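Computed from a prediction, not measured in an experiment: that's the story for all the values here. Residues: numbered from 1 along the sequence shown. Counting starts at 1 for both ligands and their atoms, in listed order.
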Amino acid sequence: MNLGQVYTKRTIADYMVNLFTIVDGARVLDPCFGGGVFIESLLANTNHKVQGVEIDKDSFDKFTNPNSARCQLLNCDFFDIEEEFDGIIMNPPYVRQEEIDAMAELGVTKQKLQSACGLMTISTKANLYMYFILRAILLLKDGGELIAIFPNSWTNTPVGKQFREQIGHYGCITDFINVTGDPFVGSPMVDVCILKFKRNTISGTNYQKMLVKGETYTVVESSNEQTRKQDGLVKLHTIANIRRGVTTGANKFFVNPSLFTQDHLIDILSSPKDFYGYTTKKCKQDKLLVIVSEKEANDEELTYLENCAMVILKEGKPQTLKTLIENGQNWYSITMPPSAQIIFSYIIRNNIKFVLNEGGRNVRDNFYMISAKTENPLLLMALLNNYHVFLQLEKCGKTYGKGLLKLQKYDIDAIEIPHPSLITDEDKQDLIRFAENLIATTDEEIVTNITNVLNKYYGTENAQQEFENSKQERLSNHD
Ligand SMILES: C[S@@+](CC[C@H](N)C(=O)[O-])C[C@H]1O[C@@H](n2cnc3c(N)ncnc32)[C@H](O)[C@@H]1O
């Protein structure tokens, strides 16, 4: 059975132990101590209380506890550990998902691993070390630190991206060290990283490179452009549902149809010109004909639909509706999505505006609909109406005709915002108050105030200036 037994060099273990910034005397766990290199280093270099876990009986028996007053060793499965720790340090076992089932005789099954990682979504392709890291993060106290060395192969894969997003919900990666050379005894692996993660805190990531030669190593700052990236940020689509408004396929038949009967006409907001400011509270609405099946249609509506069908067949367009009519299928029913908290017109000239959908308006496909049911919509309004977000949109949107900026669904999905759970209560209160004022007054100075509150989460103070420059450039290219 492959237990992923690869051993860390003592010099590297010392380097990793020295990355801890937890208080003296803190409780630190090595969940898979193997030959005990981290245990020895912790006992030699710190005053922390140490706990070691190792599933393999042979490895456990071979290692003698160097200091039983400060160190406790257990021969068990890490996934049975329930206590919380100030620090966790590890070189987790590298076991591919296909091999995990073979560990069942030691009580390790994928089902157990999944349930130990709680609500986190983990790809079935995940290697055992990913479960170790996720579980370790869950066992950290507030402000607790995880330091782990493991293969780097995950970083650019979809599984890796999901993994990074998951851990971003619980805190941030404060240090990321790319290791080349050989940090392990023997030469079992090529591409490895050391990661330091801090629970429930917000900070940028310090990227470095380590080159290991024999027993020595050098560490240098990495010029990697990711240096500027903040790890408390998440993509909007991970916390919100984003979709286009209602598409009719043929507005002239469905929007404001000439019907006397009003049985199946519902209100719908069609254009950003039909309201003012940051709320849809007072707005002009159109009427949309929504008939689900022929059975519910009245006589006037049936005649109307027949006439429309004739026009579509005669004109030969829209093609999709024509085909449905020719095949005798239901061509007229429109699916109405549930209304959203916030709407956003994706064609922009001057001002970018995310608008509170007061009154729960139905909206046409000139808008995106954004909802995060678990968040206060006013907080979401503030997280979207600021120059950090506007700058991202300026940079990714496609300009089209007359300097207009057009945003695709994937642009909106990819907007990076601070994860709401990482925003302090005080900042949340300020953001909500600013959002209320913005809606009440439409004073754009408030967008600056919101931006300033969020500066520390994005790690930059220049968003507004950068946005203005970028927007100016777009508009001047077309004036
Ligand atoms: C990559 S080795 C690291 C050993 C040591 N910490 C080092 O860096 O030299 C991983 C260790 O995890 C142990 N292991 C594997 N699955 C485990 C589990 N579920 N619980 C505890 N230990 C486990 C293996 O037996 C192996 O000793």
Mode of Phe63 contact toward ligand 1 - side chain, backbone, both, neither (heavy atoms, under 4.0 Å): neither
Atom NZ of Lys409: over 12 foreign heavy atoms under 6.0 Å: yes
Phe150/Phe132 under ring-ring contact (aromatic ring centres under 6.0 Å, His included): CA gap, chis, key distance, verdict: CA-CA 11 Å; Phe150 59 104; Phe132 260 75; over 10 Å; no
Ligand 1 contacted by Ala13 (non-hydrogen, < 4.0 Å): no
N or O pair under 3.5 Å between Asn91 and ligand 1: yes
Heavy-atom closest pair, residues Glu358 and Thr279: OE1-OG1, 2.5 Å
side-chain contact (heavy atoms from CB on, under 4.5 Å) between Ser41 and Arg10, worked out: CA-CA 7 Å; Ser41 176; Arg10 174 62 189 260; 3.8 Å; yes
side-chain contact (heavy atoms from CB on, under 4.5 Å) evaluation trace for Ser345 with Ile343: CA-CA 7 Å; Ser345 157; Ile343 61 168; over 6 Å; no
Aromatic Phe85 / basic Lys141 pairing, under 6.0 angstrom, 45° off normal: no
Ligand 1 N/O within reach of Ser59 N/O, cut-off under 3.5 Å: no
Parallel, tilted or perpendicular: rings of Tyr15 and Tyr217 (30°, 60°): perpendicular
Taking atom 27 (O) of ligand 1 as the reference point, the nearest protein heavy atom with its distance: Glu54 OE1, 2.8 Å
Nearest protein heavy atom with distance in Å, relative to atom 5 (C) of ligand 1: Phe33 O, 3.3 Å
Atom 1 (C) of ligand 1: nearest protein contact (heavy atom, Å): Gly4 O, 2.9 Å
For the student: nearest non-hydrogen atoms of Leu422 and Gly168, plus distance: CD1-O, 3.7 Å
Atoms of ligand 1 close to Asp77 [distance to a heavy atom under 4.0 angstrom, numbered from 1]: 18 (C), 19 (N), 20 (N)
Those atoms of ligand 1 less than 4.0 Å from some heavy atom in Asp56: 25 (O)
His388 and Tyr458 aromatic ring geometry - parallel, tilted or perpendicular at 30°/60° bounds: parallel
Shortest protein contact, atom 21 (C) of ligand 1 (heavy atom only): Pro31 O, 3.3 Å
Numbered atoms of ligand 1 (with element) below 4.0 Å of Val37, judged on heavy atoms: 7 (C), 8 (O), 9 (O)
Atom 26 (C) of ligand 1 [closest protein heavy-atom partner, distance rounded to 0.1 Å]: Gln5 CG, 3.5 Å
Non-hydrogen atom of Cys76 closer than 4.0 Å to ligand 1: yes
Closest protein heavy atom (residue, atom, distance) for atom 22 (N) of ligand 1: Ile55 N, 3.3 Å
Atom 12 (O) of ligand 1 - nearest protein heavy atom and its distance: Cys32 CB, 3.0 Å
Sub-4.0 Å heavy-atom approach of Tyr94 to ligand 1: no
Subset of ligand 1 atoms that lie under 4.0 Å from at least one heavy atom of Asp30: 6 (N)
Closest approach of any protein heavy atom to atom 8 (O) of ligand 1, naming residue and atom: Thr8 OG1, 2.4 Å
Tyr7 side chain to Gly35 backbone, donor-acceptor under 3.5 Å: no
Where Ile242 and Asp413 come nearest, the two heavy atoms and their spacing: CD1-OD1, 3.3 Å
